[in-house]
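These figures come from a predicted structure and were not determined experimentally. We count ligands from 1, going down the list as the structure has it; atoms in each ligand are counted the same way.
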Amino acid sequence: MMTNQEGYFGIFGGSFVPPELKAVLDNLANKFEKYKNDPDFNQEFKETLKEYVGRENPLTYASRLTKEFNGPKIYLKREDLNHTGAHKINNVVGQILLAKRMGAHRIIAETSAGQHGVATATACAMFGMDCTIYMGKLDTERQALNVFRMELLGAKVIPVEKGQGRLKDAVDVALADLVENYESTFYLLGSAVGPHPFPSMVKHFQSIISEESKKQILEQEGNLPAAVLAVVGGGSNAIGSFAHYIDEPSVRLIGAEPEEAATMAKGAPAEIHGFKTLVLQDENGEPAPTYSIAAGLDYPGIGPEHSYLKETGRAEYYTVSKEEVLEAFKLLSSKEGIIPALESAHAIALAKKLAPQFNKEESIIITISGRGDKDVVHVHDLLKNG
Ligand SMILES: *Cc1c(COP(=O)(O)O)cnc(C)c1O
């Protein structure tokens, strides 16, 4: 990839942070470079994914969905079957192993919907790491059950009242903690966003998705898929699903995003949270408020490599509506017996729209980023109240 020392993807990425933080992140970048090719490190990563997360997960041929779409053969990459029910744990395990190698005994993270916080608290419990989760005060009220989950798992959850009590404020407080306590503390970022080296690091750990799916599709079909589809929030499950196909020009890389947080469709280059990417902006150039029925997609920016893949035309991104997502949620449940996360239902909805572009001999892979148990009550309310 076109990433240089400073972590640029074309004009996107980089690191726009104060000097104290820059020093901490430079050290992190060096350690990541050192360990990502270290055989012992990689063996421990793979072993933990196998024994604790339950990898490799299947690439499931969805015969009834294939019939329904009347187009390409549909394969589902089953991140929903991981321990904790989504892809986020892959990255959390990788970063905690790196933290241990760096001598940190304390993990901090921020979370808004709580999914990244729960994955982090889970793996911290398993590795015996001290865990502090920062969360906007408003978010702790809306996600009381996830706060309880994190506390059960032994984490300390700190409600952030400063500013508007939202994700942005929790990020600021977490970064201040990191700068103050960098010798003992590792800041665990949950998506392929943020200043260098986070986007490259998160991609590296999530690339396990396409490392497995490529091997599996070659075993099952004997050739590469015509396309790989995934939903993009910050972009971590999508970049991990794309990674091993980026240099295979015959494979279309396709991202789905919600109409209400259409960063790729409507965003413009800007700086957000210490890096440059496409950002949804209001008329004053400030990050625009977003709303998505899937909490994990509520973010006005996107990982810098996705902005680059879009601008260079290597990947394509399309929006789907709330109605299409709810339809897809019901469809996968009733046709395949798999209740997907609302986030993942975006990818199914997009596959349905694009299916006529493929022929029946071709196959496509859709990443099911997570399971939908967490969303069933919400969907029930949405369908009841319209
Ligand atoms: C968090 C989450 C997402 C969105 O995050 P990405 O970094 O874009 O992958 C998608 N699906 C599920 C199930 C999630 O928990």
Q | T185 versus R106, side-chain donor and acceptor atoms under 3.5 Å | A | yes
Q: Just grab all the salt bridge (charged side-chain N to carboxylate O under 4.0 Å, His left out) pairs involving residues 264-281, residues at least two apart or on different chains.
A: none
**Q.** Distance-only side-chain donor-acceptor flag, Q43 / E47, under 3.5 Å
**A.** yes
Q) With ILVMFWY side chains joined below 4.5 Å, transitively, what does L280's cluster contain besides itself? A) none
Q | Contact list for residues 220-235, test salt bridge (charged side-chain N to carboxylate O under 4.0 Å, His left out), sequence neighbours left out | A | K73-E221
Q. Under a strict 4.0 Å criterion on non-hydrogen atoms, which protein residues are in contact with ligand 1?
A. H87, K88, Q115, S191, V232, G233, G234, G235, S236, N237, G296, L297, A341, E343, S369, G370
(Q) Which residue in the set K50, R78, R55 passes salt bridge (Lys or Arg N to Asp or Glu O under 4.0 Å) when paired with E212? (A) R55
